[in-house]
Amino acid sequence: MRYVTCNNRKYRWPDRPVVVICLDGSEPGYPLSDGGGYIDRAIENGRMPYLASIKNRGLFRTADATIPSFTNPNNISIVTGTPPVIHGISGNFFYDLGSDAEVMMNDPALLRVGTIFKAFQDQGARIAVITAKDKLRRMLGHELDFEQGSAICFSAEKCQLTTQSENGIDDADQLTDLPPPDVYSGALSEYVFSTGLKLLDTWAPDILYLSTSDYIQHKHGPGTPAADAFYSMIDHHLIKMQAHDAVIALTADHGMKAKHDSAGQPNIVYLKPLIEELLASDRFRIILPITDPYVVHHGALGGFATIYLADPADVQPVCHKLSAQKGIELVLEGPLACERFSLPPDRVGHIVVISSAESVLGHSQQYHDLSALSEPLRSHGGLSEQRVPFILNRPASQLLASTTLRNYDIFDAALNHATG
Ligand code: ZN
Ligand code: ZN
């Protein structure tokens with residue numbers, strides 16, 4: 001048996017195409033307070049017949065995502081098979097102490113390990129990676145050799161700008177008849193599936209990784225017509241992928257919860273005014289690692305924040321103050337949070353704050369533009385969005401029911417455990 005090693009994990013060489021899908025924001029409905037999850041509700045409503053059939057013969061479980069339950073740290077966990085303390089990506093956004101700057105975490109220079117894709121390409125595998133948003137592309141494609149003709153990596157967002165030297169393919173927009181999608185649309189994810197399927201048909205990747213956008217999930221709850229239509233689109237593509245005898249593995253980067261009251265107003269805990277009751281505003285810095293250029297989704301309001309203090313002696317009183325606040329589930333000192341959530345200590349502040357399931361954390365009222373939110377707020381980032389689906393279209397009987405799964409075990413499950 002041939003194996004490839006990456007970050008101290010061994011993966012079996014695939015003898016058929018392996019398709020791993022990160023279905024952004026696919027809340028599995030856990031605990032069952034939100035009326036169930038996207039996939040289960042779509043199955044119930046008869047919109048995912050293929051996944052309904054997998055429920056009986058494949059692996060249908062849930063797993064834990066990485067905290068913070070945001071897109072970048074979880075995608076990078078999935079494609080490296082490691083937690084953030086190893087790969088270094090602690091959010092979509094972080095405070096770089098070295099340069100005293102708040103920076104986006106989309107630069108591969110911030111990655112501390114190689115990807116499973118690179119390890120397989122080095123051994124001769126053909127790799128195709130398609131992401132909805134361009135913010136992930138350079139990290140997912142880190143160190144891939146695009147000159148050899150054995151790797152492709154592009155985003156649906158920038159599908160019209162692909163080149164052989166940067167993406168391993170010229171004119172990726174020619175892969176499908178679909179028009180180039182708007183970045184704020186469910187069509188962005190459909191584009192990912194459509195082009196992925198075309199590559200499976202024509203280019204024969206050994207490993208295909210698809211990462212979608214959570215535009216639909218930020219706006220629509222499980223079982224709603226818009227959500228069901230989106231998951232039905234996915235099911236149609238999965239059926240066609242199955243025709244290639246592919247191993248299909250499906251997980252998510254995080255769940256998604258309603259964060260508003262019965263009148264549709266967002267439940268926001270603004271941190272700045274609370275801390276200002278104890279400290280002058282130049283004595284602390286609040287980082288909201290959900291922040292990314294796509295604010296229409298969520299207004300930069302998520303369930304996780306980290307706070308840097310000018311004087312570490314202020315940690316205790318600030319922790320005490322925030323712990324007593326309604327809408328906050330957990331306040332931890334930085335080192336304890338890093339230990340509990342396997343985060344990189346040099347990229348986390350003195351304090352970590354996590355909101356409750358029905359709330360989000362904000363900086364201050366002026367900081368957030370809520371006018372872009374056209375629907376009542378749904379978001380993620382905390383412990384309440386940590387559960388994600390973990391699905392294989394084949395049995396994996398060696399994966400014991402007692403094993404706690406992480407979403408970053410999905411390549412292990414697909415390559416080492418899928419049978420039949
Ligand atoms: Zn996401
Ligand atoms: Zn999101």
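Worth knowing before you read on, the calculation uses all heavy atoms, side chains too, and leaves out hydrogens, waters and symmetry mates. Here, residue 1 is the first one in the sequence, and each next residue gets the next number. Order of listing sets the numbers, starting from 1, for every ligand and every atom in it.
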Set of residues satisfying side chain to side chain donor-acceptor pair (under 3.5 Å) with respect to Asn416, sequence neighbours excluded |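 Side chain to side chain donor-acceptor pair (under 3.5 Å) check on Asn416 returns Asp412.
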The Zn ion (ligand 2) - name of the N/O/S atom of Asp214 that sits closest to it |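 The atom in question is OD2.
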Atom name, His218 (N, O or S, nearest to the Zn ion (ligand 2)) |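 In His218, the heteroatom (N, O or S) nearest the Zn ion (ligand 2) is NE2.
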Name all residues meeting the salt bridge (Lys or Arg N to Asp or Glu O under 4.0 Å) criterion together with Glu166; count only those two or more places apart in sequence or in a different chain, and write none if there are none.
->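 With neighbours one apart ignored, the set is empty.
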Look at Asp214 together with Arg378 and state whether they make a salt bridge at an N to O cut-off of under 4.0 Å.
->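 No, no charged N to carboxylate O under 4.0 Å.
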Opening angle between NE2 in His254 and OD2 in Asp24, taken at the Zn ion (ligand 1), to 10 degrees |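 Vertex the Zn ion (ligand 1), arms to NE2 of His254 and OD2 of Asp24: 150°.
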Does any N, O or S atom of Asn75, backbone or side chain, fall under 2.8 Å from the Zn ion (ligand 1)?
->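 Checking Asn75: none of its N, O or S atoms is under 2.8 Å.
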Looking at the Zn ion (ligand 1), which N/O/S atom of Asp253 is the nearest one?
->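 In Asp253, the N, O or S atom with the shortest distance to the Zn ion (ligand 1) is OD2.
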Identify the residue among Gln217, Lys259, His218 that makes a side-chain hydrogen bond (donor to acceptor under 3.5 Å, both in side chains) with His380.
->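 Going through the options one by one, the only one that passes is His218.
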Does the side chain of Thr163 come under 3.5 Å of the side chain of Asp170 through a donor N or O and an acceptor N or O?
->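 No.
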